Structures are given as structure tokens and as C-alpha cells.
Amino acid sequence: MICLFLTVFAYVFKTGWTGVNERTFIAVKPDGVQRRLVGEIIRRFERKGFKLVGLKFLQASDEQLRDHYRDLREKPFFNGLLKYMNSGPVVAMVWQGMDVVKTSRRMLGETNPADSLPGTIRGDYCVEVGRNVIHGSDSVESAQREISIWFKEHELVCWEESTEHWIYA
Ligand code: IDP
Ligand code: MG
């Protein structure tokens, strides 16, 4: 009921999800899937205390990828990026929690794995920028846009977490 109210509120006021209901879009890229990193990546988000609200395994379409990366269309690596992202299946996810957008970016590390500290996902599991295993939204606005590209509203699950009091004061 509370989730329904928040969805309607967010939709009507176009403020999106805020506070503990903030959401981000995370994708394990084709190299992450091939390298069997799906379980490890999900484990890190679960253990951190974030809540999984959407999950799918799919081969992304060219149209979906062009839309997802539309801000990068003028970049010299754009075509290579599309080819990379289309080279195999991806795991698309929506994670929810307080400051999840900013915190996820810190968990991912920098765009270039060489600049990513050990302990971050890119710092631990990859070497080159063109094979950096994971995507994470860079702002609340991008998260909302990206979630709407990859998920329909009814595919996002509103559920009560029994551990919530142990994660939030
Ligand atoms: P981000 O994934 O850390 O947000 P963006 O600048 O949004 O980084 O770039 C999107 C993706 O494009 C990167 O994750 C990476 O896969 C790819 N990319 C970015 N810069 C380069 C580059 O210089 N060469 C090749 N691929 C790149
Ligand atoms: Mg980005």
C-alpha cells in the first residue's frame, strides 16, 4: 500500500524515488556475464544492504542500447560500445536504498579500471575501459531514464524487506 502511494506520488509530482526509496539501474555487461561475475556482483549489492527490485537476463537490442547511451553518440568509441554491449546477454537490475545512485558508483569504481581502487568492482575484476564489466547510473535523473528504458513499471517489485530495521535506524 505504501509502495503504491509512493509510486503514485512520484509519478504525479515527477520527483522520482527519494530517501530509502531511491533507485538505480545496474547492468552486468556481456563480459561480466561471460566471466561468471553475476553472482559476485549481486552478492556485493545484497551484502551492502540494498534491495533488489528488478532483475532480468536479456540480449539488449540495438535500439535499447542507442537510447541508453544516447549522450555518448558523438564519442569515437560509440560504435564499439554498442557492439560490445550487444556481444552477449546482460543482467539488468534495479537496486533501491538510501543514496543508492552515489554509493553504487563508488562500489563500481572509475570508468577506467586502471583508475579504480582495489575493493571496487572495476578495481577488482577488470583491466580495460572497453571491457569494464558493469554499468551504474550516474545521477538520480539518469537512473530514472535508464530504468524506464530497461523495465516496464509492472516488472519492478515492491516488497517488504524483513531486515530493513537492521539496515536503517
Ligand atoms: P561509466 O560507465 O563509468 O558511466 P561513461 O563515460 O558513461 O562511463 O561511458 C560509458 C561506457 O562507455 C563505459 O563504461 C565504457 O564501457 C565505455 N567507454 C567510456 N570511455 C571509453 C573509451 O575511452 N574507450 C572505450 N570505451 C569507453
Ligand atoms: Mg555513464
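Residue numbers run from 1 in the order of the sequence given. In each ligand, atom 1 is the first atom listed, and ligand 1 is the first ligand listed. Given the structure is predicted, the values throughout are model-derived calculations rather than measurements.
For residues 155-167, the pairs satisfying side-chain hydrogen bond (donor to acceptor under 3.5 Å, both in side chains) are K56-E155, with sequence neighbours left out.
A donor-acceptor contact shorter than 3.5 Å links the side chain of S137 to the backbone of F25. Within the 3.5 Å criterion, the main-chain N or O of S61 finds a donor-acceptor partner in the side chain of Q64. In this structure a side-chain-to-backbone donor-acceptor pair under 3.5 Å is missing from R44 to I41.
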Protein N/O near ligand 1 N/O, under 3.5 Å, which pairs?
| from | atom 1 | to | atom 2 | distance (Å) |
| --- | --- | --- | --- | --- |
| ligand 1 | 2 (O) | R122 | NH2 | 3.1 |
| ligand 1 | 3 (O) | T111 | OG1 | 2.5 |
| ligand 1 | 3 (O) | R122 | NH1 | 3.1 |
| ligand 1 | 4 (O) | R105 | NH1 | 2.7 |
| ligand 1 | 4 (O) | R105 | NH2 | 3.4 |
| ligand 1 | 8 (O) | T111 | OG1 | 3.2 |
| ligand 1 | 14 (O) | K29 | NZ | 2.9 |
| ligand 1 | 14 (O) | N132 | ND2 | 2.8 |
| ligand 1 | 16 (O) | K29 | NZ | 3.0 |
| ligand 1 | 16 (O) | V129 | O | 3.4 |
| ligand 1 | 16 (O) | N132 | OD1 | 3.2 |

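Salt-bridge formation is not detected for the pair E63/R66: no Lys NZ or Arg NE/NH1/NH2 atom is positioned less than 4.0 Å from an Asp or Glu carboxylate oxygen. Ion pairing between R122 and D115 fails under the 4.0 Å rule for side-chain N and carboxylate O.
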